[in-house]
Amino acid sequence: MNERQVKHITPKSEDFSRWYQEIIQKAELADYAPMKGMMVIRPYGFAVWENIQHHLDRRIKATGHVNAYFPLFIPESFLQKEAEHVEGFSPEVAWVTAGGKEDLEERLAVRPTSEAIIGPMYAKWIRSWRDLPLLINQWANIVRWEKVTRPFLRTTEFLWQEGHTCHETAEEAEEETLRVLAMYREFVETELAIPVLSGRKTLREKFAGAQMTYALEALMSDGKALQMGTSHNLGQHFSKAFDIKFEDRRQKLQYVWQTSWGMTTRLVGALVMVHGDDAGLRFPPRVAPVQAVIVPISVGDWKTSVLPAARAAADALRAAGIRVLCDAREEATPGWKFAEHEMRGVPLRVEIGPRDVQAGQAVIVRRDTRAKEKAAFEALPVRVASLLDEVQKRLYAEADSFLAANIREARSFEEFREILEKDRGFIRGGWCGEGACEDTIKNATMATIRVIPLDETEPVSGGLCLACGREAKGRPYFARAY
RNA sequence: CGGGGAGUGGCGCAGCCUGGUCAGCGCGCUUGCCUUGGGAGCAAGAGGUCGACGGUUCAAAUCCGUCCUCCCCGACCA
């Protein structure tokens, strides 16, 4: 019993923050690098990111976008062209000032986002309305000099995908912004099994340089919100700054209408915080690095009596397109393996022992419910595939009911504070639309407006602003956020 | 950037107050035997200039000073 404690992680309910850090290291998703705020994404964690990339890239391409790659460095003069953009990012830009032993004539920013290096290129490439829409995405690394960092959630360098598009009209740009938002939502819900709220950001929360920012927000199991992705309508802010013009269908010179949008390695952190439990991770099958682990029960002459059957089962599952691992390590006992793979979030475990071989069957155990069942060897691929679907659905359903149970209404500021104190989660309440009131609430409670639902563009009558008591113009979702 | 905590074999820690067999424990690791249906057991091993630099002293993991790094909690952000 005492020895067990050694490998054990802090229970989630006892100290969520500590649980998060420990599980990330023990499950080998990531490790701290020797530089502040930087981490190494280890193979197991990177496999999750690769699965995310795969599923997202598919959708990005299916909506007509193509991938390209732009430089890591941005000349300072470029970065400064869009005033609000520079202003917003200047505190967190890393600079390159020398090459070898020679100082540079102009400093180079390590991209905190790529608008400022993509803009000038688009200006070169776009001449006519026939060049539009231009729909490019890039997978890249980004550097933002953050003061407070946490593995996956906020690191100095992170990986992401950033889409940058140009359109003929304001309407098309807005459509693109919303199309991507919907695509993101479908992706997060389907692949990551995470339900989200989507909507507009307030002016204070929008991307520096954007005209309008839309976002997805998810609820972590400690009751704090996490932004899962953003889609920005840039209007003509950047096209004017970078002189991206085209001749339209009536032979008139116009600035293009742009969008940009991104999702990051933060999503890996979201998977951990939404689905994890006291025993460790619980990965949704569609992004799990290993979907099913086969544990041969090592007794007696298991290497000759059990192992071949385990290997054959692994081959059969692999042939059925399932990501499977046959854990034939001799140095670990079956019990050890059970606990380890549970901690690492493998959705299904398939146990095969001497008795099973005799009976021509295997024991399948679900990570999410720990339910056990038996399946004949021949039926294994079909049964495992269908159980993976069930686990995926159940994880979503569980997260969805948690989200639903943690969206509350506040009719007064007092009520708002009580909910925050007692339950956290999302709180819907009246807002007059003024930034000052947004600040008042934030300063008093640390909660911010996460999103303003899209179905709510018209003023809502009857409600009052939580901060000033005047008539509310909308009822956004508030929350404390990461 | 403010407040707090911590740097001792791979990991987790004890030792520090009261300098001197204090280089120690557990886990892990290596080798062998034996085991294996929920984190096995025994035996023998390998492994550390005690975060860095400077100072006090006959003597520093221990006392003093400076610096570095990491973590947590806050203000800013994917």
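Every chain is numbered from 1 and lettered A, B, ... according to where its sequence line falls, protein lines coming before strand lines. All figures in this text were calculated on a predicted structure; none of them were measured in a lab. Only heavy atoms go into these numbers, but all of them, side chains included; no hydrogens, no water, no symmetry mates.
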In terms of side-chain geometry, is the basic nitrogen of A:Glu92 or A:Lys147 positioned less than 4.0 Å from the acidic oxygen of its partner?
no
Pick base, sugar-phosphate or nothing for A:Met263, based on heavy-atom distances below 4.0 Å to the nucleic acid.
nothing
Check whether any side-chain N or O of A:Thr333 sits under 4.0 Å from OP1 or OP2 of B:rA40, and answer yes or no.
yes
Categorize A:Gly262 for me: base, sugar-phosphate, or nothing, with a 4.0 angstrom heavy-atom threshold over every strand shown.
nothing
With a 4.0 Å cut-off on heavy atoms, is A:Arg18 in touch with a base, just the backbone sugar-phosphate, or nothing at all?
nothing
Once you apply a heavy-atom cut-off of 4.0 Å, does A:Lys442 come out as touching a base, just sugar-phosphate, or nothing?
sugar-phosphate
Under 4.0 Å between a side-chain nitrogen and a carboxylate oxygen: does that hold for A:Arg58 and A:Glu191?
yes
Under a 3.5 Å threshold, yes or no: a donor from one side chain and an acceptor from the other, between A:Asp57 and A:Asn67?
yes
Dot-bracket line, read 5' to 3' along RNA chain B, where crossing pairs take [ ] and | marks a partner on another strand, Watson-Crick or G-U under 3.5 Å
((((((((.[[[[.)....(...]]]].(((((.......))))).....[[[[[..)....]]]]])))))))....
Contact class for A:Thr155 vs. all strands (heavy atom < 4.0 Å): base, sugar-phosphate, or nothing?
base
What nucleic acid atoms does A:Val295 come within less than 4.0 Å of, heavy atoms only: base, sugar-phosphate, or nothing?
nothing
Would A:Glu176 and A:Arg179 pass as an ion pair if we require N to O under 4.0 Å?
yes
Donor-acceptor pair between A:Lys201 and A:Gln227 side chains, under 3.5 angstrom
yes
Taking the six-membered ring of A:Phe73 as reference, does the NZ or CZ atom of A:Arg111 fall below 6.0 Å from its centre and within a 45° cone about the axis?
no
Nucleotide B:rA78, atom P - distance to CD1 of A:Ile52 in whole Å
19 Å
Phosphate OP1/OP2 of B:rC71: any A:Gln21 side-chain N/O under 4.0 Å
no
Using a cut-off of less than 4.0 Å, is there contact between a side-chain N or O of A:Arg150 and OP1 or OP2 of B:rA78?
no
Contact class for A:Ser298 vs. all strands (heavy atom < 4.0 Å): base, sugar-phosphate, or nothing?
base
